[in-house]
J.: 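This is the structure, below, for whatever I ask next.
Since this is a predicted model, take the numbers as computed values, not measurements. Hydrogens, waters and symmetry mates are skipped; everything else that's a heavy atom, side chains included, is used.
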Amino acid sequence: MTNFTIMDGLMLMIVAMAAVFAVLMGLWGLLVIVRKLTIEKENNQPLPTSNQAASSVSQEKSTEETSEQGTIPPEKVALIMSLLVDKHKRDKN
C-alpha cells in the first residue's frame with residue numbers, strides 16, 4: 001500500500017468508470033427490451049368497441065372528480081402562500 005502511485009489511482013479510476021458504464025449500458029438494454037415488449041403487447045390487444053370506450057372514459061372522469069373533490073388546486077395554494085409571505089414581510093417592517 002505504500003507504493004500506491006498516481007498512475008495506480010488513474011488506472012483504478014478508469015476501471016471504476018468502465019464498470020459503471022457497463023452497468024448503465026446493461027440497464028439501458030433492459031429498458032429497450034421491456035419497451036419493445038410492452039409496445040408489442042399493446043399492438044396485439046383488440047380495439048375496444050365504442051360502448052367500452054365511452055364507459056372507460058366516464059369511469060376515468062368519475063375517479064378524477066372524487067379524488068380532486070376535497071383538495072385545493074395548486075394555483076390557489078400558491079396564491080395563499082404568496083399572500084402569507086407578503087403579510088409576514090409587511091408585519092416585520
J.: Could you tell me whether L10 atom CG has more than 12 heavy atoms of other residues or ligands within 6.0 Å of it?
T.: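 Counting other residues, nucleotides and ligands, CG of L10 exceeds 12 neighbours.
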J.: State, yes or no, whether a side-chain contact exists between K87 and L83 at a heavy-atom distance under 4.5 Å.
T.: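 Side chain of K87 against side chain of L83, heavy atoms only: no contact under 4.5 Å found.
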J.: Can I14 be reached from M7 by stepping across I, L, V, M, F, W or Y side chains whose heavy atoms are under 4.5 Å apart?
T.: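 In one cluster: yes.
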J.: Tell me whether M81 is reachable from I72 by hopping between hydrophobic residues (I, L, V, M, F, W, Y) whose side-chain heavy atoms are closer than 4.5 Å.
T.: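 Hydrophobic grouping puts I72 with M81.
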J.: Would you say N43's side chain and E40's backbone share a donor-acceptor pair under 3.5 angstrom?
T.: no
J.: Could you grab the distance from atom CD1 of I33 to atom CH2 of W28, nearest 0.5 Å is fine?
T.: 10.0 Å
J.: For residues T38 and R35, report the shortest heavy-atom separation together with the two atoms involved.
T.: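 Looking at all heavy atoms of both residues, the closest pair is OG1-O, 2.8 Å.
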J.: Distance from K89 atom NZ to D91 atom CG, nearest 0.5 Å?
T.: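 It comes to 12.5 Å.
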J.: When hydrophobic residues are tied together by side-chain contacts of less than 4.5 Å, even through go-betweens, does V20 share a cluster with V15?
T.: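 No, V20 does not connect to V15 through the hydrophobic network.
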J.: Answer yes or no: are there more than 12 heavy-atom neighbours, outside M17 itself, under 6.0 Å from its atom CE?
T.: no
J.: Could you tell me which non-hydrogen atom of D8 sits nearest to which non-hydrogen atom of N3, and how far apart they are?
T.: OD2-O, 3.5 Å
